[in-house]
Amino acid sequence: MPSQPLQPTRVRFAPSPTGRPHLGGGRTALYNYLLARQTGGAFILRIEDTDQKRYVPGAVEELISSLRWMGLDWDEGPDVGGPHAPYHQTERREIYQKYARQLIESGHAYYCFCPTPKEDEGSEPGDRRQHREICPDRDLSLEEADARISSGESHVIRFRMPFEGRITVSDAIRGDITVENSTLDDYILVKSNGLPVYHLAVVVDDHLMEITHVIRTSEWLPTLPLHGHIYKAFGWEQPIWVHPSIFLKPDGKGKMSKRDAQALLSEGKSIFVGDFKEMGYLPEAVVNWMALIGWSYDDKTEFFTLEELIDKFSLEKLSPAPAAINFSKLDHFNGLHIRELDPADLAERIKPFFEKAGYQVDDIDKLQQIAEALQIRLTTLDEAPEKAGFFFQDEIHPEPETLIGKKMSAAESLEMAQRIHKLIASLPDFSEETANQPLRDLAVELGLKAGHIFGFLRNAITSQKVSPPIFETMTIIGRETVLKRIEAAIAMLERMAEEA
RNA sequence: GCCCCCAUCGUCUAGUGGCCUAGGACACAGCCCUCUCAAGGCUGAAACCGGGGUUCGAGUCCCCGUGGGGGCACCA
């Protein structure tokens, strides 16, 4: 058994509101949440909105609703408040400025008055020069810098990166990561608009909010040395760093781009958490599925509820390798979780899908029976109307040919239909126990296969070639409608027999 | 180009030196069950990237290749 952290952890999910929340973010939030709940710690939601240019209206709202849909809740955050408020970074501007100044006074950062590089300057990553090699302001005296600032000169604050030596930072799933300082640069900490860059804000906030474990995806690994340096410069203790791998496209070739995400949408798939509900996925299934991309429990168990994940999750079982997302596995999990549901619960969950398809659903008892019939047959909830819409239709219109049995004429089929009608009408109920044998006996009597009888009934009553088991179906539909539909089918057969 | 990370079936993974003729899951194929469709059961095909070490013994440790991924903004 992997050892579990005994101390309560304080973790956070800190997305930037620059787009729609996706699976990768969802999983990161989930892992943070799991660790917090497992240890009795705290899960914090923080909005990293220091880039106003990229801010997308409504992003925070969708973020919150997506996380809630997944079943997550947080102890501190923009919507619930908390002891470390505010939780929007743009509202914490003064805090960062104060700490940036501290860094400047301690010599770990400096004011830089260099002009903003032009868009097309050094566009090739290969020939980019280190800023610190060309910056004339690196060794400006603080007095001089302050004077230029008070005269209104535009400036940024840069970290003063050592030229010599190296830094080692430790990641919980990858071990020590060592980088030569010579490959680093004097990165910007505060922009000319006075707002911090991610690197400063994240370090200051994580420290102030007493974050013990930073769980974020591996795309942040390249900035880890910088963050380590900033912690050292402040003299603060670093959190435990955890960088789970990123998600790859289903084909395993690279991470999902905006374009790819768009293309997926046209295939009826999505990587946006907010889309899964209406695609008919259960949050339980999505959570179970995403938890297992990059994490495992043992060599057998794959089915987990949120509660079980809280219990079983462990940092040491996180995989360092990038993983492709696999939608067919999600379908599998969705089926599994649908089958786990209480039928009354399933009924409630499929109801909106019937309503969206235009069906009037007011008979809850009937809906529940339908849910029971559908339970082992659904992959996604949105399939319910197409599979079971006939239960709610006043009239159905079977294709006439489907009423004719295999290798049978219309006249023969008509005769069969009439006998079936007579038999059905005489039955006290349509349960399998009472209806099955008589129908089979009839088949024998008519020299037909049972399949002929059942096939006719299925098409006549559901107008579908596949449906839930016929006895269950007839029971739900009710005697009156069953007989009416058979009669309608007989009428169609009569017409066809005449024409023939 | 430079820096960093990673490497077991098509995919997600188990595996922490002998328990591995490498286990599970999805997908795929076949069979069984069967009123259709599912679900379920059984079976099958399917992998340790390559080369060097270390060791009595390597999927497991080390090195080098190769391959894949991420990053290199006054974005996060």
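In what follows, chains are A, B, ... by sequence order, proteins preceding strands, each numbered from 1.
Sorted by first and then second residue, the salt bridge (Lys or Arg N to Asp or Glu O under 4.0 Å) pairs with a member in residues 188-200 of chain A form an empty list; sequence neighbours excluded. Applying the side chain to side chain donor-acceptor pair (under 3.5 Å) rule to pairs touching residues 246-261 of chain A yields A:E219-A:K255, A:K249-A:D260, A:S257-A:D260, sequence neighbours excluded. Every pair passing side chain to side chain donor-acceptor pair (under 3.5 Å) that includes a residue from residues 458-468 of chain A is listed here, sequence neighbours excluded: A:R458-A:S467.
Counting only distance, with no hydrogens or angles, the side chain of A:D49 and the backbone of A:T90 share a donor-acceptor pair below 3.5 Å.
For A:Y99, the ring pair (Phe, Tyr, Trp, His ring centres under 6.0 Å) partners are A:F234, A:W236, not counting sequence neighbours. Residues passing the ring pair (Phe, Tyr, Trp, His ring centres under 6.0 Å) test with A:F163: none are found, sequence neighbours excluded. Here A:E432 pairs with nothing under the side chain to side chain donor-acceptor pair (under 3.5 Å) rule; sequence neighbours left out. Residues meeting the ring pair (Phe, Tyr, Trp, His ring centres under 6.0 Å) test with A:F354, sequence neighbours left out: A:F392. Applying the side chain to side chain donor-acceptor pair (under 3.5 Å) criterion to A:H108, with sequence neighbours excluded, gives no partner residue. A search for side chain to side chain donor-acceptor pair (under 3.5 Å) contacts involving A:T380 returns A:D382, not counting sequence neighbours.
The CH2 atom of A:W220 sits 13 Å away from the C1' atom of B:C72 (whole-angstrom rounding).
Contact annotation: side chain of A:S192 to base of B:C74, donor-acceptor pair present below 3.5 Å.
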What nitrogen or oxygen pairs link the protein and nucleotides 58-63 of chain B at under 3.5 Å?
none

Using nucleotides 9-15 of chain B, report all nitrogen or oxygen pairs with the protein that are shorter than 3.5 Å.
residue: B:C12; atom: OP1; partner: A:A324; partner atom: N; Å: 3.0
residue: B:C12; atom: O2'; partner: A:L292; partner atom: O; Å: 2.9
residue: B:U13; atom: OP1; partner: A:G294; partner atom: N; Å: 2.7
residue: B:U13; atom: O3'; partner: A:S296; partner atom: OG; Å: 3.4
residue: B:A14; atom: OP1; partner: A:S296; partner atom: OG; Å: 3.0
residue: B:G15; atom: OP1; partner: A:K317; partner atom: NZ; Å: 2.8

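Between A:K255 and the phosphate of B:G69, there is no side-chain N or O to OP1/OP2 separation shorter than 4.0 Å.
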TODO: Assign a letter to each nucleotide of nucleotides 35-45 of chain B from its 5' end: B, base within under 4.0 Å of a protein heavy atom; S, sugar-phosphate only; -, no contact.
DONE: BBBBSS-----
